Amino acid sequence: MADFINTLPIPPAVRDTVRAALRGDDAAWPENAGGFAAALQEHAVAPLVYARLPHPSLRDIAMHAAAAELLRIEDLRALLTGFAERTIRVLIIKGSALAYDIYDAPELRPRADTDLLIDRADIERVRALFADLGYRAHVLSGDPHANRQQAFERADRFGVEHVYDVHWDIANTPVVRESLGVEELLARAMPLPRIGPTAFAPSHVDALLLACIHRVAHHHDSDRLIWLYDIHLLREQLSPAEHEAFWRRAAERRVVAICERSVALADEWFARAPHDRAADWLRVIPEDEPSAAFLDRNRSRAAVLAGDLKALGWRARLERLRDLALPPSEYMRASFPRAPRFALPLLYLYRSVRGVMRLFYRVGAGE
Amino acid sequence: MSAIIAAVKAPRARDGVIARMVGTEMVLLDHDRGIYYGLNPVGARVWQLLSEGEAMERILERLTGEYDVSRETLESDVATLFRELEAQELVHAAD
């Protein structure tokens, strides 16, 4: 279950300044402004704000982001060469794709990892590729109904960690993971020449759908600013025909409510005025979309689980519950690396008790 | 004229050093060592000029025209910068 990200709030004293800077308006830091760097870093907008309105407290973050980007792109290009040599189709999605498409400079779009989307049928070949290039695969929970991604990481010769999150569906939750299929995304993909000749990303319309779905269905309507800024920039790129295509596709895939919510927040923060909203392009606003449940931050984790189970068939539901209660021992050992081997039964018991307690947590409370 | 300015007539960036602008400043990544350095706007401008292949005298002339500062002050600042760049082996004199 993906988590809500409890970002530090942007301090009220600099909120308008940050907003103006990100909008590209004239702005100046209030006198004695300080103590906001950590919040901007959590919202992943520190380099962007620094580029528009320098402040000494943001300098190191911005410089580090620029240096890290130089190493990150080198690693990604080498990896893409491996994909191309083995004729494995791959899309760069989310932050990395947007960083090299709609941002003036890639380091202005901080990210912890690089997200890739592949065809499920290629996962073993992808695992072999990462292994051959020296990456360590993260152990999976053994629950295919709840997990459609795997992380791979390696430290380069300087000790810098390179992490790739490889997805074979657009989301883990069955409520929305079939909203956009890998094949159709590949068919509509666009090149990313700033990365290289073999780099491709979802079209802007698809990228906008992914951005809206991700921040709501994966992070329970988190208000992290960089995700809203992605949405704002993507919308700025769209032609009227693309806005229409976006809303039509959102309606077809039953994600209008979460898209409208995401677009509304992005407009509120960054747009001069609301524009190209669902009501502008759709004659009928759909109701009762299952995905709209993710907009409720007060939902318990039990309700989220129930929603996921409802989206599955009976057999899959039973498998999901079994895998949730009894993940593979390899996964348990990876989750509790310091525990002695003989303690495994106790760890399963501990996990069960903790899991049951967590079912009562609200998603908006985070961890 | 400082000794280093006189000695380094045609400074060049060492291979393996990658530069990227961050606003008006610059990050230099020493790719061989995995270390990065930050240059202030004047330092960034110096690096741009030496990357364009400008000789030291020409760099000083260009900077004198771009910044409201005396030639002496500029020479002193540039000399300090080059000493630091040399100490970190980020530049070398051209062959």
Side-chain angles (χ1 to χ4, degrees), chain A residues 17-18 21-22 24 26-29 37 40-41 44-78 99-100 103-110 134 154-162 194-196, chain B residues 11-54 59 62-63 66-69 73-74 76-92:
Chain A
T17 305
V18 167
L22 291 174
D26 289 337
W29 292 110
L40 296 193
Q41 195 165 19
V45 294
L48 199 53
V49 171
Y50 184 75
R52 304 267 172 82
L53 189 62
H55 188 279
S57 68
L58 303 178
R59 182 177 185 270
D60 286 352
I61 301 170
M63 300 296 258
H64 182 81
E69 191 61 46
L70 293 168
L71 295 172
R72 179 187 283 137
I73 189 60
E74 180 187 20
D75 198 80
L76 175 58
R77 284 176 177 144
Y100 282 89
Y103 281 79
D104 291 338
E107 62 268 22
L108 300 180
R109 176 50 172 95
R154 78 174 181 94
D156 66 20
R157 65 187 193 280
F158 308 125
V160 176
E161 291 284 338
H162 297 277
R194 285 166 70 188
I195 293 182
Chain B
R12 293 290 175 267
R14 181 170 57 75
D15 287 346
V17 179
I18 307 171
R20 187 184 284 263
M21 292 300 295
V22 178
T24 57
E25 298 171 89
M26 181 177 273
V27 162
L28 295 180
L29 175 68
D30 181 341
H31 197 265
D32 297 333
R33 296 175 183 153
I35 302 171
Y36 74 88
Y37 306 86
L39 293 181
N40 66 20
V42 179
R45 183 66 183 132
V46 170
W47 190 271
Q48 280 178 331
L49 292 170
L50 74 86
S51 299
E52 291 168 9
E54 296 283 21
I59 291 174
R62 300 260 313 250
L63 292 175
E66 293 174 16
Y67 295 94
D68 185 17
V69 61
T73 304
L74 202 57
S76 169
D77 289 351
V78 172
T80 302
L81 173 65
F82 269 93
R83 268 193 291 273
E84 290 176 9
L85 294 174
E86 274 204 326
Q88 302 302 328
E89 299 178 14
L90 298 170
V91 294
H92 61 82

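Proteins get letters first, then strands, A, B, ... in listed order; numbering begins at 1 in each. Remember, it's a predicted structure, so these values are computed and weren't measured experimentally.
- With a threshold of 4.5 angstrom between heavy atoms, A:Arg52 does not approach chain B through any atom at all.
- Comment: B:Glu89 does not engage B:Arg14 in a salt bridge, judged by the lack of any side-chain N to carboxylate O separation of less than 4.0 angstrom.
- Taking the charged nitrogens against the carboxylate oxygens, A:Arg72 and A:Asp75 have no contact shorter than 4.0 Å, which rules out a salt bridge.
- Under 3.5 Å, the side chains of B:His92 and B:Glu86 contain no donor-acceptor pair of N or O atoms.
- When each of B:Gly38, B:Gly34, B:Gly23 is checked for heavy-atom pairs under 4.5 Å with chain A, B:Gly34 comes out on top.
- With a 4.5 Å cut-off on non-hydrogen atoms, A:Ala67 touches chain B through its backbone and its side chain both.
- For chain B, the option among A:Ala68, A:Pro47, A:Ala66 with the highest count of heavy-atom pairs below 4.5 Å is A:Ala66.
- When side chains are defined from C-beta on, B:Tyr67 counts as touching B:Arg45, because their heavy atoms get closer than 4.5 Å.
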